[in-house]
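Lettering of chains follows the sequences in order, A, B, ..., and the numbering in each one begins at 1. Here the structure is a predicted model, which is why all the values come from computation and not from measurement.
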Number of protein chains: 2
Amino acid sequence: MNPRPDPAHTSGLIEQLEVASTRFAQPRSAPERVADFLREEIVQGRLVSGTQLTEESISGTLSVARNTVREAFTLLTGERLVIREAHRGVFVTRLSLPDIEDLYRMRRIIEPSALRSGPEFGPSSIESLQAAVRDGLSARESGDRHGVASANQSWHRVVVGLAGSKRLNHTMSGLLAEMRLIFAQMGNVEDFHIKYLVRNAEITDRAISGERDEAARGLDTYLEEAIADIQERLC
Amino acid sequence: MNPRPDPAHTSGLIEQLEVASTRFAQPRSAPERVADFLREEIVQGRLVSGTQLTEESISGTLSVARNTVREAFTLLTGERLVIREAHRGVFVTRLSLPDIEDLYRMRRIIEPSALRSGPEFGPSSIESLQAAVRDGLSARESGDRHGVASANQSWHRVVVGLAGSKRLNHTMSGLLAEMRLIFAQMGNVEDFHIKYLVRNAEITDRAISGERDEAARGLDTYLEEAIADIQERLC
DNA sequence: ACCTAACGATTGTTCAACAATTGCACAATA
DNA sequence: TATTGTGCAATTGTTGAACAATCGTTAGGT
């Protein structure tokens with residue numbers, strides 16, 4: 001009871017206002033802009049894992065004060081994309097295998113559970129799932145590796161979105177950013193996501209046809225295999 | 001396979017080192033100390049929801065620079081304990097009912113799933129669960145309301161800890177801090193946790209005796225009822 | 001080869017200044 | 001009276017410079 005709002009359906013005017021208005025659209029502050037820039041550089045792999053980010057160089061190239069860079073660093077530290085070592089500096093996070101395992105452990109707690117959650121899914125949720133699947137498949141057709149990875153992430157994001165929790169979505173975004181960092185630092189993962197496209201499709205079908213429990217279990221073993229896959233590639 | 005490390009058992013030397021050593025024990029920086037102080041004031045209800053935290057007053061009373069206070073604010077903003085409104089200031093977060101519902105939605109995704117996760121629980125995990133239950137009951141005996149609330153939080157923390165994910169634990173800590181803020185701003189919640197002590201005990205027993213699925217479902221309805229309880233108190 | 005001292009560079013924190021924005025009091029107007 | 005401007009005080013946002021604290025390294029001594 002108390003039907004959970006259909007997350008995808010909530011793209012009406014009211015929701016848009018909800019999102020945009022903490023006080024209209026707040027233009028991002030300088031530290032946020034710096035963090036945005038660095039975050040993108042990191043997850044796209046242009047800033048390699050382990051690289052030191054010196055305050056002066058960044059404040060120089062972006063023309064902001066050192067204090068501003070500093071705040072951007074604390075932002076990114078909270079997202080675990082950089083690590084701060086006292087009196088030594090901040091470095092692009094280098095995800096260890098235990099880290100990666102930890103990440104997948106958390107995903108295995110969240111994602112299957114989201115797939116199992118609440119009453120039935122709304123039509124727009126279903127549509128979003130299918131859209132992500134379709135995007136992935138068509139990206140594969142056109143040989144767009146980046147598109148495949150992106151669609152895959154999108155699918156997982158939608159899955160978690162099914163739970164309809166803003167906070168959970170935010171947390172998931174953080175995890176996905178870390179995932180991108182993993183792949184960025186691994187390299188040679190061009191074909192990594194491809195094999196999972198079909199799984200996404202299968203799980204989507206099951207979830208839609210009401211076989212929620214089977215879908216959830218499928219997603220769990222999916223993630224279990226994925227981490228095993230990574231473990232293999234790293235050893 | 002690949003037996004998940006027993007989280008409670010990991011309170012040995014190695015784990016302590018793990019925790020303490022990012023580079024030995026890093027003494028907390030000034031912004032962190034300020035954030036620590038404010039966080040405690042907030043979750044204990046000494047700083048009421050909606051209160052504005054002006055940079056000057058805090059930098060004055062704590063004898064730190066405005067910049068430092070500023071960084072502390074971005075820290076707390078990330079934890080959602082304060083909200084920053086551009087050019088207006090930061091205020092102790094006022095959790096709305098939708099916020100609280102969101103919080104419980106997320107907990108309902110995570111906690112039952114953690115209870116269901118992995119292979120069997122290790123002996124020390126079981127012991128930690130039982131300890132939290134015991135602490136809650138004995139706190140009730142001695143009429144220690146704060147002790148009851150604390151033990152309850154401790155139980156939920158242990159439950160999530162069963163998953164053995166550092167990241168998930170960290171996320172859960174954030175959620176629990178928000179929970180404390182909720183109760184702080186609600187007031188009159190002295191007896192709120194008491195009725196759930198028995199549930200904790202029941203669920204613990206089920207989880208221990210291998211009835212994981214029943215335990216998980218029990219925890220889900222537990223949380224469902226808890227949010228309903230709160231909704232009632234607020235209307 | 002090993003310990004030690006000194007140095008340079010970077011981070012941590014403070015302080016002061018100024019621009020930008022908000023909220024409000026106050027006045028002007030319909 | 002109600003409403004619309006206008007100016008002002010206060011607070012935030014950002015910058016720049018300064019200095020202390022710490023780290024890594026290099027040079028020098030044993």
Side-chain angles (χ1 to χ4, degrees), chain A residues 20-39 41-42 47-94, chain B residues 20-39 41-42 47-94:
Chain A
S21 74
T22 301
R23 180 171 186 75
F24 288 147
Q26 302 216 12
R28 297 181 83 68
S29 67
E32 280 171 333
R33 286 196 309 270
V34 173
D36 288 344
F37 172 77
L38 292 176
R39 185 184 308 108
E41 294 290 304
I42 291 172
L47 277 174
V48 235
S49 283
T51 306
Q52 176 167 14
L53 306 177
T54 64
E55 301 179 352
E56 198 181 9
S57 73
I58 292 175
S59 84
T61 63
L62 297 186
S63 302
V64 291
R66 252 185 73 206
N67 273 322
T68 303
V69 175
R70 219 130 213 305
E71 273 199 50
F73 282 169
T74 76
L75 249 13
L76 294 172
T77 302
E79 305 172 21
R80 294 194 212 83
L81 295 180
V82 304
I83 179 176
R84 186 170 235 153
E85 297 188 19
H87 293 287
R88 287 199 7 113
V90 321
F91 305 81
V92 178
T93 300
R94 188 193 300 274
Chain B
S21 74
T22 302
R23 180 174 186 75
F24 288 145
Q26 300 219 13
R28 297 181 82 68
S29 68
E32 280 170 333
R33 286 196 308 271
V34 173
D36 288 345
F37 172 77
L38 293 176
R39 186 185 307 110
E41 294 290 306
I42 292 171
L47 278 174
V48 237
S49 283
T51 306
Q52 177 167 13
L53 305 178
T54 65
E55 301 179 352
E56 198 181 10
S57 73
I58 293 175
S59 85
T61 63
L62 297 186
S63 302
V64 293
R66 253 185 71 206
N67 272 323
T68 303
V69 176
R70 219 132 212 304
E71 272 200 51
F73 283 169
T74 76
L75 248 14
L76 294 172
T77 301
E79 305 172 21
R80 294 194 211 82
L81 296 181
V82 303
I83 180 175
R84 184 170 236 153
E85 297 188 19
H87 292 287
R88 287 200 6 114
V90 323
F91 306 82
V92 178
T93 301
R94 189 192 299 274

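Atom P of nucleotide C:dT22 and atom CZ of B:Arg84 are separated by 15 Å, given to the nearest angstrom. Computed from coordinates, the A:Phe91 CZ to C:dT10 P distance equals 12 Å when rounded to whole Å. Atoms CD (B:Glu56) and P (C:dT14) sit 15 Å apart, rounded to a whole Å. The distance from atom CD of A:Glu71 to atom P of C:dT13 is 13 Å, rounded to the nearest whole Å. Taking atom CG of B:Asn67 as the reference point, atom P of D:dA17 lies 15 Å away to the nearest angstrom. Going from atom CZ of B:Arg88 over to atom P of D:dT12 covers 10 Å, rounded to whole Å. Between the CD1 atom of B:Ile83 and the P atom of D:dT12 there is a distance of 15 Å, given to the nearest Å. Taking atom CD on A:Glu55 and atom P on D:dA21, their separation rounds to 18 Å, with Å as the unit.
Counting only heavy atoms from C-beta outward, the side chains of A:Phe73 and A:Leu38 approach each other to under 4.5 Å.
Contact annotation for A:Ser59: no contact, since no heavy-atom pair falls under 4.0 Å across all strands.
Comparing C:dT11, C:dT13, D:dT15 against the side chain of A:Thr68 picks out D:dT15 as the nearest. Checked against C:dT11, D:dT12, C:dA16, the side chain of B:Arg66 finds its nearest nucleotide in D:dT12.
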Go through it in stages, so that I can follow the logic: the residues are A:Val69 and A:Glu56, the test is side-chain contact (heavy atoms from CB on, under 4.5 Å), and I'd like the CA-CA distance, side-chain angles, deciding distance and then a yes or no.
CA-CA 9 Å; A:Val69 175; A:Glu56 198 181 9; over 6 Å; no

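Screening A:Val92, A:Asp36, A:Val82, A:Val34 against A:Leu76 for a side chain to side chain contact (heavy atoms under 4.5 Å, CB included) leaves a single residue, A:Val82.
Heavy atoms only, all atoms of each residue included: B:Thr51 and B:Val48 are closest at OG1-O, 2.6 Å.
Take the nearest nucleotide of DNA chain D for A:Ala65 and for A:His87: the residue whose nucleotide is more 5' is A:Ala65.
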